[in-house]
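The block underneath contains the structure these notes are about, expressed in structure tokens.
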Amino acid sequence: MPGDNPCVCLHQDRTTDKRSQGWYLALMAPNERGPNYAWLDPSRLYCHQQALQDCIHDLLQPFKTDYIDLVVGIDAMGFILEPPWRQSPSVCAAIASRLGKGFLAIRKAGHLCVETKDQTYVDYSGREKLLEVRTDTITPGLRILLVDQWIETGGTMQAAIKLVENQGGVVVGVAAICIEDSIGGKWVRERYKCSDCVPDHMRSQFNSHFLESFKRFETPQP
Ligand SMILES: O=P(O)(O)OC[C@H]1O[C@H](OP(=O)(O)OP(=O)(O)O)[C@H](O)[C@@H]1O
Ligand SMILES: Nc1ncnc2[nH]cnc12
């Protein structure tokens with residue numbers, strides 16, 4: 001049953017199982033390191049080949065018929081979810097290239113050695129931060145899919161949207177594993193076509209920052 005959220009093992013082979021919607025979300029690890037960290041670690045699901053494929057498939061469903069010129073990912077984990085249209089996720093850059101789509105990285109401050117536009121923001125940590133993007137890529141009218149791992153307060157995504165739109169880019173859509181029902185998350189949803197991976201019956205768990213699967217979560221022993 002879809003509400004049944006099994007404890008999914010990282011190395012369990014689910015390729016032949018009947019997979020329920022969002023099954024791979026149970027692979028995400030709870031925060032065990034305290035308040036300076038995000039409340040969970042979604043990146044554990046990227047280690048599982050089927051989980052990564054299903055996650056990206058789900059994220060892209062709503063955009064199948066949209067024309068997209070460029071995929072823009074937010075530093076750092078947003079880079080992983082660059083869509084691997086039609087092929088394996090491990091070769092996403094090659095696929096983007098074959099399809100004639102580029103990938104633009106919006107970076108956290110201090111990494112780019114070229115001319116940049118920047119935008120300050122405050123994220124879930126409450127700290128003021130800076131995003132930067134190169135100025136030689138986004139041209140007026142360019143149709144962009146913005147991708148990040150997660151939207152909690154929405155501060156990071158709102159800053160990325162400003163960077164794109166201030167250069168004339170058109171945000172066709174916003175994709176993240178979870179867009180929480182925060183004020184900022186709702187702001188993004190109300191203004192842009194969005195996709196996330198959270199089934200309706202699990203949304204309250206995400207908004208309260210505790211997943212049922214955490215109760216059964218076991219960290220593998222070394
Ligand atoms: O909605 P917000 O409250 O702004 O938070 C969302 C941002 O926070 C996380 O990134 P983080 O800075 O933890 O770095 P990471 O991508 O390298 O994990 C996440 O990947 C988003 O970029
Ligand atoms: N990676 C993440 N996981 C969970 N909550 C988040 N909030 C912001 N980033 C997050």
Side-chain angles (χ1 to χ4, degrees), residues 5 8 10 22 24-48 51-52 55-56 58-59 71-83 89 92 103-112 118-133 144-165 171 173-192 194-199 202-214 217 219:
N5 197 357
V8 181
L10 196 54
Y24 46 81
L25 297 171
L27 282 167
M28 300 190 297
N31 171 2
E32 294 174 339
R33 301 187 71 185
N36 290 336
Y37 293 85
W39 64 273
L40 94 174
D41 168 35
S43 70
R44 191 164 177 273
L45 82 79
Y46 309 147
C47 307
H48 189 295
L52 184 57
C55 170
I56 291 174
D58 292 348
L59 277 179
V71 179
V72 175
I74 302 175
D75 192 358
M77 302 308 284
F79 296 172
I80 291 173
L81 294 170
E82 177 187 3
C92 51
F103 173 70
L104 172 67
I106 291 188
R107 308 259 4 224
K108 307 260 164 74
H111 292 290
L112 289 169
D118 58 39
Q119 181 65 51
T120 55
Y121 66 103
V122 176
D123 69 3
Y124 66 96
S125 71
R127 290 193 290 270
E128 184 160 301
K129 299 185 177 178
L130 193 68
L131 282 181
E132 292 183 338
V133 68
I144 287 169
L145 175 63
L146 261 168
V147 182
D148 200 357
Q149 174 171 263
W150 206 268
I151 297 180
E152 183 172 328
T153 67
T156 309
M157 187 54 77
Q158 286 176 344
I161 289 169
K162 279 187 198 154
L163 284 172
V164 168
E165 292 184 343
V171 177
V174 172
I177 295 174
C178 173
I179 303 175
E180 293 184 25
D181 287 330
S182 57
I183 294 170
K186 287 181 185 157
W187 185 96
V188 175
R189 277 188 197 284
E190 282 162 11
R191 288 162 180 79
Y192 299 93
C194 287
S195 75
D196 79 1
C197 303
V198 181
M202 292 177 73
R203 197 159 292 281
S204 62
Q205 297 176 43
F206 283 75
N207 289 329
S208 59
H209 289 187
F210 187 86
L211 307 187
E212 282 299 310
S213 56
F214 289 172
F217 189 84
T219 310

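Order of listing sets the numbers, starting from 1, for every ligand and every atom in it.
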> If hydrogens are left out, which of I177, V122, D148, D41 has an atom nearest to atom 22 (O) of ligand 1, that is, the closest non-hydrogen atom?
Replying inline: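 Ranked by closest heavy atom to atom 22 (O) of ligand 1, first place is D148.
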> Out of K129, M77, K108, whose heavy atom is nearest to atom 10 (O) of ligand 1?
Replying inline: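 Comparing heavy atoms across K129, M77, K108, the nearest one to atom 10 (O) of ligand 1 lies in K108.
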>> Using heavy atoms and a 4.0 Å limit, tell me yes or no: is G154 in contact with ligand 1?
In response: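 Contact check G154 vs ligand 1: positive.
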Just wondering, do [Y] and [X] contact through their side chains at under 4.5 Å, heavy atoms?
X	Y	value
W187	Y192	yes
Y121	K162	no
L25	P199	yes
L40	N31	no

>> Working note: T153 + V122, criterion side-chain contact (heavy atoms from CB on, under 4.5 Å); need CA distance, chi angles, decisive distance, verdict.
In response: CA-CA 9 Å; T153 67; V122 176; over 6 Å; no
Relative to the heavy atoms of [X], which atoms of ligand 1 are at a distance of less than 4.0 Å?
X	value
I151	1 (O)
A76	16 (O), 17 (O)
W150	6 (C), 19 (C), 21 (C)
G155	1 (O), 4 (O)

What protein heavy atom is closest to [atom], reported as residue, atom name and distance in Å?
atom	answer
atom 9 (N) of ligand 2	Y124 CE2, 3.6 Å
atom 2 (C) of ligand 2	A38 CB, 3.5 Å
atom 2 (P) of ligand 1	T153 OG1, 3.4 Å
atom 4 (O) of ligand 1	T156 OG1, 2.5 Å
atom 13 (O) of ligand 1	Y124 OH, 2.7 Å

> Is the closest basic N to carboxylate O distance between R189 and D196 below 4.0 Å?
Replying inline: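 Salt bridge flag = yes for D196 with R189.
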Show me which atoms of ligand 2 lie under 4.0 Å from any heavy atom of [X].
X	answer
W39	4 (C), 5 (N)
E152	5 (N), 6 (C), 7 (N), 8 (C)
P42	1 (N), 3 (N)

> Do any nitrogen or oxygen atoms of W150 come within less than 3.5 Å of a nitrogen or oxygen of ligand 2?
Replying inline: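 Yes, since at least one N or O of W150 sits under 3.5 Å from an N or O of ligand 2.
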> Does L40 reach ligand 2 with a nitrogen or oxygen that is under 3.5 Å from one of the ligand's nitrogen or oxygen atoms?
Replying inline: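 So ligand 2 has an N or O lying under 3.5 Å from an N or O of L40.
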> N36 and S125: side-chain contact (heavy atoms from CB on, under 4.5 Å), yes or no, with the steps?
Replying inline: CA-CA 7 Å; N36 290 336; S125 71; over 6 Å; no
> Which is it for C178 and ligand 2 at heavy atoms under 4.0 Å: side chain, backbone, both or neither?
Replying inline: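 For C178, no heavy atom sits under 4.0 Å from ligand 2.
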> How does Q149 reach ligand 2, if at all, at less than 4.0 Å between non-hydrogen atoms: by side chain, backbone, both, or neither?
Replying inline: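 Under 4.0 Å from ligand 2, Q149 contributes side-chain atoms alone.
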> In Å, rounded to the nearest 0.5 Å, how long is the span from CD1 of I106 to CG of L112?
Replying inline: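 So the gap between those two atoms works out to 10.5 Å.
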>> Students often mix this up, so state it plainly: with edges at 30° and 60°, are the rings of W39 and F206 parallel, tilted or perpendicular?
In response: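 Ring orientation of W39 relative to F206: perpendicular.
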> Is there a donor-acceptor pair closer than 3.5 Å between any side-chain N or O of Q205 and the backbone N or O of E212?
Replying inline: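 The answer is yes, because a donor-acceptor pair under 3.5 Å joins these two groups.
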>> Can a side-chain donor-acceptor contact be found between Y124 and E180 if the only test is distance below 3.5 angstrom?
In response: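 Absent: no donor and acceptor within the cut-off.
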> Where do F214 and A29 come nearest, in terms of heavy atoms and distance?
Replying inline: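 In terms of heavy atoms, the two residues are closest at CE2-C, 4.2 Å.
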> Of the backbone atoms (N, CA, C, O) and the side-chain heavy atoms from C-beta on, which set of D123 has a member under 4.0 Å from an atom of ligand 1: side chain, backbone, both, or neither?
Replying inline: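 Within the 4.0 Å criterion, D123 contacts ligand 1 through backbone and side-chain atoms alike.
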